[in-house]
Amino acid sequence: MGDKKSADKIFEVEQKLLSNYSCEDADVTFRLYKILENRLANTKPEYIAKKIEFPLIHVLLDMEKTGVNINAFTLFELSKLMENELNSLVKKIYLNAGEEFNINSTQQLQQILFNKLKLNPIRKTKTGFSTDAQSLEQLRGEHPIIDLLSEYREIAKLKSTYVDALPKLMNPTTKRVHTTFNQTVASTGRLSSLNPNLQNIPVRGELGKEIRKAFIPKPNNVLICADYNQIELRIMASICKDPNLMFAFNNDIDIHTRTAELIFNLPSDRISPDMRRKAKEVNFGILYGIGAFGLKNRLQISQSQAKEIIDNYFITFPNVKLFMENMIVFAQQHGYSETILGRRRYLKNINSQNKTLRQFEERVAINMPIQGTAADMIKIAMINIFNEFNLRNLKSKMILQVHDELIFDTVKTEIEIVKEIVKDKMENALLLDVPIKASIGIGNNWLEAH
DNA sequence: CACTAGTGCAA
DNA sequence: TATTGCACTAGTG
């Protein structure tokens with residue numbers, strides 16, 4: 001268990017009781033296994049279990065035991081800078097509000113913004129008016145307090161969640177941070193990470209970058225970071241075999257620029273950065289089953305313009321449209337959605353009369369084969385990399401997985417061989433109908449390596 | 001202390 | 001009304 005409290009509490013139970021409970025737990029599990037193993041025999045889920053999930057346990061154990069080195073000193077210095085900045089912002093915010101209040105309280109903040117300062121609410125939440133970053137962005141220029149709040153939020157978030165929290169989670173013995181990877185919570189087959197979550201370390205913004213810099217290798221080592229390029233779009237291309245998508249990946253063309261060319265019907269030299277950005281949002285949105293309403297909000301355009309973009313997308317990539325429809329029909333008929341390897345996610349509301357529930361699971365039915373196949377693929381790569389490292393007696397260590405990215409604490413003499421093994425195992429974990437590409441970075445901290 | 005709500009970080 | 005997660009603070013019971 002990753003939860004220290006629940007792990008400790010169990011020893012408060014009387015020993016005889018605990019013993020009986022533990023034996024019963026093992027006994028019932030084993031009896032269930034005897035029944036279920038026959039039902040699982042020669043199925044794809046059995047393959048997932050035996051060839052992926054069970055071998056992966058050893059890999060994850062090794063990663064958790066190894067842990068990650070962080071520079072607590074730089075985080076401590078950063079914390080002091082942030083503290084000063086926050087103090088100064090708090091004073092200015094109180095001055096602009098005309099009173100002192102708890103800035104971290106959304107209730108009190110709503111009172112200040114929408115009652116006292118008479119700003120126009122952007123949108124509602126269950127309990128009142130939203131004060132989130134998007135709403136504040138809309139209110140920019142309406143009052144000087146808005147920019148101060150946005151800056152306060154950013155710094156307060158990063159300070160409490162990362163800068164102050166991470167050093168406290170260093171193991172006193174190893175002086176490293178040991179996350180727990182949860183293998184069984186994400187319904188798509190992804191891993192999750194907790195105590196601390198090392199899969200959501202900031203990377204954007206100046207402060208975010210400073211935090212990434214605090215993740216460092218062992219003394220005299222380097223960090224190597226390997227990430228899949230456009231893995232989910234490649235998987236979708238391979239599943240639906242759309243000619244335009246396949247062509248782009250087979251010829252190593254920038255997919256977002258190519259998408260912009262096709263949906264805006266312009267040559268590549270007339271694609272502006274803003275058009276590429278829009279196409280990128282469309283590409284990601286498609287993977288999640290976005291609609292015109294969602295795209296309108298993301299791109300800050302009219303809904304009719306959003307609809308036109310989406311319509312153009314499906315004219316350009318007709319097999320993507322078919323793929324989406326096919327995934328929904330499969331889920332309706334089988335009651336689950338599955339990855340290329342047959343990892344299942346059951347969808348009990350796929351035929352529901354409730355439109356909201358049904359449409360949600362229709363999007364899930366589209367996303368699961370993509371996100372889940374990417375998860376299967378990187379897990380296979382991890383197992384193969386782990387085995388190859390052991391075979392060659394390498395001292396370098398795989399230390400983190402962030403969904404499409406692997407990080408290695410690497411002995412300098414092993415840099416070339418690690419690069420070679422990692423790239424090969426990642427790119428060849430699953431053979432698809434489009435090439436799979438992984439790019440490798442190296443550095444003295446996570447920011448540099450990424 | 002357990003729980004929800006709002007918010008925001010990552011892929 | 002775009003997917004998957006985890007964690008922080010405030011506030012309630």
Side-chain angles (χ1 to χ4, degrees), chain A residues 2-3 5-6 9 101-110 123-136 149-150 152-166 169 179-205 207-208 211-212 227-228 230-232 236 281-299 303 306-307 310 324 337 345 355-372 374-375 378 400-406 446 450:
Chain A
D3 189 335
K5 285 170 209 160
S6 58
K9 267 187 178 173
F101 66 102
N102 187 341
I103 305 168
N104 294 319
S105 161
T106 50
Q107 281 181 25
Q108 293 179 41
L109 185 56
Q110 279 169 59
R123 59 187 176 83
K124 285 185 168 141
T125 65
K126 280 181 188 171
T127 57
F129 296 119
S130 181
T131 67
D132 69 5
Q134 218 187 330
S135 301
L136 293 181
L149 285 170
S150 300
Y152 174 90
R153 279 264 176 83
E154 182 186 350
I155 299 171
K157 170 76 174 187
L158 297 181
K159 183 171 185 288
S160 66
T161 308
Y162 305 100
V163 178
D164 291 341
L166 286 170
L169 289 161
T179 188
T180 299
F181 287 106
N182 200 326
Q183 209 174 346
T184 56
V185 296
S187 35
T188 53
R190 275 189 173 187
L191 298 176
S192 74
S193 159
L194 66 147
N195 288 316
N197 181 356
L198 295 183
Q199 291 181 321
N200 74 340
I201 300 303
V203 66
R204 304 177 181 98
L207 282 172
I211 294 169
R212 281 249 162 162
D227 70 295
Y228 281 116
Q230 308 297 347
I231 187 61
E232 295 195 345
M236 187 176 76
E281 288 279 351
V282 173
N283 276 330
F284 282 112
I286 289 293
L287 299 170
Y288 306 137
I290 199 176
F293 180 90
L295 191 64
K296 172 203 76 169
N297 288 333
R298 309 281 305 191
L299 296 182
Q303 188 151 339
K307 184 178 182 305
I310 292 174
M324 295 169 77
S337 178
R345 174 171 180 175
K355 194 174 167 186
T356 308
L357 289 178
R358 185 180 69 246
Q359 289 183 337
F360 174 73
E361 292 208 336
E362 287 174 358
R363 293 194 296 275
V364 168
I366 292 163
N367 180 256
M368 160 67 185
I370 302 168
Q371 192 181 118
I378 198 168
L400 291 174
Q401 186 253 44
V402 191
H403 310 304
D404 66 354
E405 170 187 358
L406 296 173
W446 195 358
H450 191 277

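Here is how names work: the chains are called A, B, and so on, in the same order as the sequence lines, proteins then strands, and each is numbered from 1.
Within 4.0 Å of A/F284, counting heavy atoms only, lies at least one base atom of the nucleic acid. Residue A/Q108 is classed as a sugar-phosphate contact, given heavy-atom separations below 4.0 Å to backbone atoms only. Across all strands, A/N102 comes closer than 4.0 Å only to sugar-phosphate atoms, never to a base (heavy-atom distances). Contact annotation for A/E281: base contact, defined as any heavy-atom pair under 4.0 Å involving a base atom. Across all strands, A/G294 comes closer than 4.0 Å only to sugar-phosphate atoms, never to a base (heavy-atom distances).
Nucleotide C/dT1 holds its P atom 14 Å from the CD atom of A/E361, rounded to whole Å. In this structure, CG of A/N367 is placed 8 Å from P of C/dT3, rounded to the nearest angstrom. The distance between atom CG of A/N297 and atom P of C/dT3, rounded to the nearest whole Å, is 13 Å. Between A/M324 atom CE and C/dT3 atom P the separation is 12 Å, expressed in whole Å. Here the P atom of nucleotide C/dT4 and the CD1 atom of A/I370 are 13 Å apart, to the nearest Å. Following rounding to the nearest Å, A/R363 (CZ) and C/dT4 (C1') show an atom-to-atom distance of 14 Å. Remark: C1' of C/dT1 and CD of A/E362 are 13 Å apart, rounded to the nearest angstrom. Going from atom CG of A/L299 over to atom C1' of C/dT1 covers 15 Å, rounded to whole Å.
Partners of A/Y162 under the side-chain hydrogen bond (donor to acceptor under 3.5 Å, both in side chains) rule, at least two apart in sequence or in another chain, are A/N200. For the ring-ring contact (aromatic ring centres under 6.0 Å, His included) test, residues two or more places apart in sequence or in another chain that qualify with A/F129 are A/F114. Checked against salt bridge (Lys or Arg N to Asp or Glu O under 4.0 Å), A/R363 has no partners two or more places apart in sequence or in another chain. Residues passing the salt bridge (Lys or Arg N to Asp or Glu O under 4.0 Å) test with A/K159 are A/E83, A/D164, sequence neighbours excluded. In this structure A/T188 satisfies the side-chain hydrogen bond (donor to acceptor under 3.5 Å, both in side chains) test together with A/Q371, sequence neighbours excluded.
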Base versus backbone protein contacts along nucleotides 5-11 of chain B [heavy-atom cut-off under 4.0 Å; B, S, -]: SSSBBSB
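Heavy-atom distances to DNA chain C give each of A/F293 and A/R345 a nearest nucleotide, and the one nearer the 5′ end belongs to A/F293.
In summary, the side chains of A/N182 and A/T184 do present a donor paired with an acceptor at a separation below 3.5 Å, with no hydrogens or angles considered.
A/T131 pairs in a side chain to side chain contact (heavy atoms under 4.5 Å, CB included) with only one of the listed residues (A/Q108, A/R153, A/Q107), which is A/R153.
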